[in-house]
Q: 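Can you keep this structure in mind? I'll have questions shortly.
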Amino acid sequence: MDVLDGRLAAVCRATLERDDRGSYTVPAPLTYPHQWNWDSAFVALGWLEISPERAWRELESLLAAQQPNGLVPHLIYATPAPIVELVAHLHDVPVVRRLVPALVGRRYSPSPAWWGWRRGGDGRFCSAITQPPVAATATWLLFEATGDEPRARALLPALARCHRFLLDERDPLGLGEPVLIHPWESGRDNAPEWDAPLDRVRPEVTVVPRPDRDHVDAAERPSDDHYRRFLTLVRRGTRSGWRQRELAARGPFRVLDPGFSAILARACADLSRLADALGERRLAEVEAARAERVAAALAARTGGDGLARAIDLADDSESDALSCGSALALVAPSLSAASLDALEQVVLQGPLASPFGVRSLDRGDRRLRPRCYWRGPVWVNVGWLCALGLATHGRRRSSALLIRRVVECVRAGGVREYYAPGSGRGLGAHDFAWTAALCLRELGPRGLCGGQLTTAAEQEAAA
Ligand code: 9WN
């Protein structure tokens, strides 16, 4: 590692340490002061570079919040246990009700009240929806690096229950892919694919608290209209008791997301490998079959151009947007040669290519807004997942090229939430944990280029 990369690694470490809350890491202290699902999975990979013990704890705390039906919440609130107990029992008392936002909301909206004071397996307040299931892949990578059998074994049942939930309760029609019931579940909240399905959701919430805009320019965040509909879906879900199978079969928002499905397929394949390594043959078979089922469903609806797009299940229409949701198909454990070629082209030279990683939206799309969240900027986790997929499918040079671009955006724009695809300017929240974590991993020997982030040609040019 050269001096500059050494400095960048130190900045990334310091960011993780600043965001650390002991057993979990907040994505960004000012904007996201709680625990998020896929954030924790990425962040665990950064902690691995600092402290394997801390890395395992991140995943353990995430899975501890699992619901009895197997759902791992997308968001788990950072509320001290005594306050949780107080509020859980007295939230109908007017004075507690008035104090509650300050006590448990911690400058984030929606507060736990919106989810009906739902609590996770460990008692913390949490949401009633999920997020892309990266946890099994992170667990496999931790196990591969540390060989810690007892800690990996302890996570197997929760990971398997999470995958079963997604392929059972969330697949009432047997499509082979989980149905997402809220845009937040995709992790790509205001992606243009969700515009048409959200248009059908008549907003019932008029006043939307927006503490997110206290620290981030409004132009970089989703619109109020998006928030009215996001919160309406939450209110309607809570009102109807969050019956997951029912929402997936007949709910107001139902979509298939190729990114989420590909991440799930890979998670099942990684859990199968882990179970096999731990001598759990039965689970290894079950998870291998799940991986095949999801990958096959995704392959079956891949278009002639080799790309899969989002589906709105209300009318079975396919989105016309080419976004990083399609690019994430790269992480699926199996891909046809045609799809692999098409995806490699799209992310490295084509409409999603950027000198700083993978664009969240086709550069030629009429809905493109290069500074606005999931409608244009590049995100480090997406670039990293695509590079991981390319490496898995044997495209090592392309994977290395993409990783260099991803690290370049952190060098150019700082440890931010997302970046302008043309300039690499940092956008959104500051001190963003998964950016720090994945960058730290890539700067070290476990990275996809083995830490060799500058090419021989670049080194010559610099000299
Ligand atoms: C809603 C925490 C999360 C990420 C998501 C990202 C954003 C939340 C928000 O932040 O979503 O879940 O409040 O905007 O879209 O991917 O996990 O970093």
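Whatever order the structure lists them in is the order used to number ligands and atoms, beginning at 1.
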Q: Of the protein's non-hydrogen atoms, which lies at the shortest distance from atom 13 (O) of ligand 1, and what is that distance?
A: Tyr108 OH, 2.5 Å

Q: In the structure I gave you, are the side-chain heavy atoms of Glu442 and Val406 within less than 4.5 Å of one another anywhere?
A: no

Q: Does His182 use its side chain to pair, donor to acceptor, with the backbone of Phe230 at less than 3.5 Å?
A: yes

Q: Can you find a side-chain donor-acceptor pair between Thr25 and Trp47 that sits under 3.5 Å?
A: yes

Q: Can you confirm, on distance only, whether ligand 1 has an N/O atom lying under 3.5 Å from any N/O atom belonging to Trp374?
A: yes

Q: Got an N/O contact under 3.5 Å between Gly187 and ligand 1?
A: yes

Q: Would you say Tyr373 and ligand 1 have an N/O pair spaced under 3.5 Å apart?
A: yes

Q: Parallel, tilted or perpendicular for Tyr418 and Tyr373, by the 30°/60° rule?
A: perpendicular

Q: Pull out every atom of ligand 1 sitting under 4.0 Å from any heavy atom of Phe432, numbered as shown with elements.
A: 18 (O)

Q: Tell me whether Asp312 is salt-bridged to Arg200, with the criterion being a basic N under 4.0 Å from an acidic carboxylate O.
A: yes

Q: Using a 4.0 Å cutoff against the non-hydrogen atoms of His74, which atoms of ligand 1 qualify?
A: 12 (O)

Q: Between Arg57 and Glu60, does at least one N-O distance fall below 4.0 Å, as a salt bridge requires?
A: no

Q: What part of Arg188, side chain, backbone, both or neither, has a heavy atom within less than 4.0 angstrom of ligand 1?
A: neither

Q: Taking non-hydrogen atoms only, is His34 closer than 4.0 angstrom to ligand 1 via side chain, backbone, both or neither?
A: neither

Q: Against heavy atoms of Gln131, which atoms of ligand 1 measure under 4.0 Å?
A: 4 (C), 5 (C), 16 (O), 17 (O)

Q: Do the side chains of Tyr419 and Val380 get nearer than 4.5 Å, heavy atoms only?
A: yes

Q: Give the atoms of ligand 1, by number and element, whose distance to some non-hydrogen atom of Trp434 is under 4.0 Å.
A: 16 (O), 17 (O)

Q: At a 4.0 Å cut-off, with the gap strictly under it, does some heavy atom of Asp189 reach an atom of ligand 1?
A: yes

Q: May I ask you to say whether Glu193 pairs ionically with Arg309, meaning some side-chain N is under 4.0 Å from a carboxylate O?
A: no

Q: Kindly assign one of parallel, tilted or perpendicular to the pair Trp379 and Trp374, based on the angle between their ring planes and the thresholds 30° and 60°.
A: parallel

Q: Would you say Arg221 and ligand 1 have an N/O pair spaced under 3.5 Å apart?
A: yes

Q: Numbering the atoms of ligand 1 from 1, which are under 4.0 Å from a heavy atom of Trp38?
A: 4 (C), 5 (C), 16 (O), 17 (O)

Q: Counting non-hydrogen protein atoms only, what is the nearest one to atom 17 (O) of ligand 1? Give residue, atom name and distance.
A: Asp39 OD1, 2.6 Å

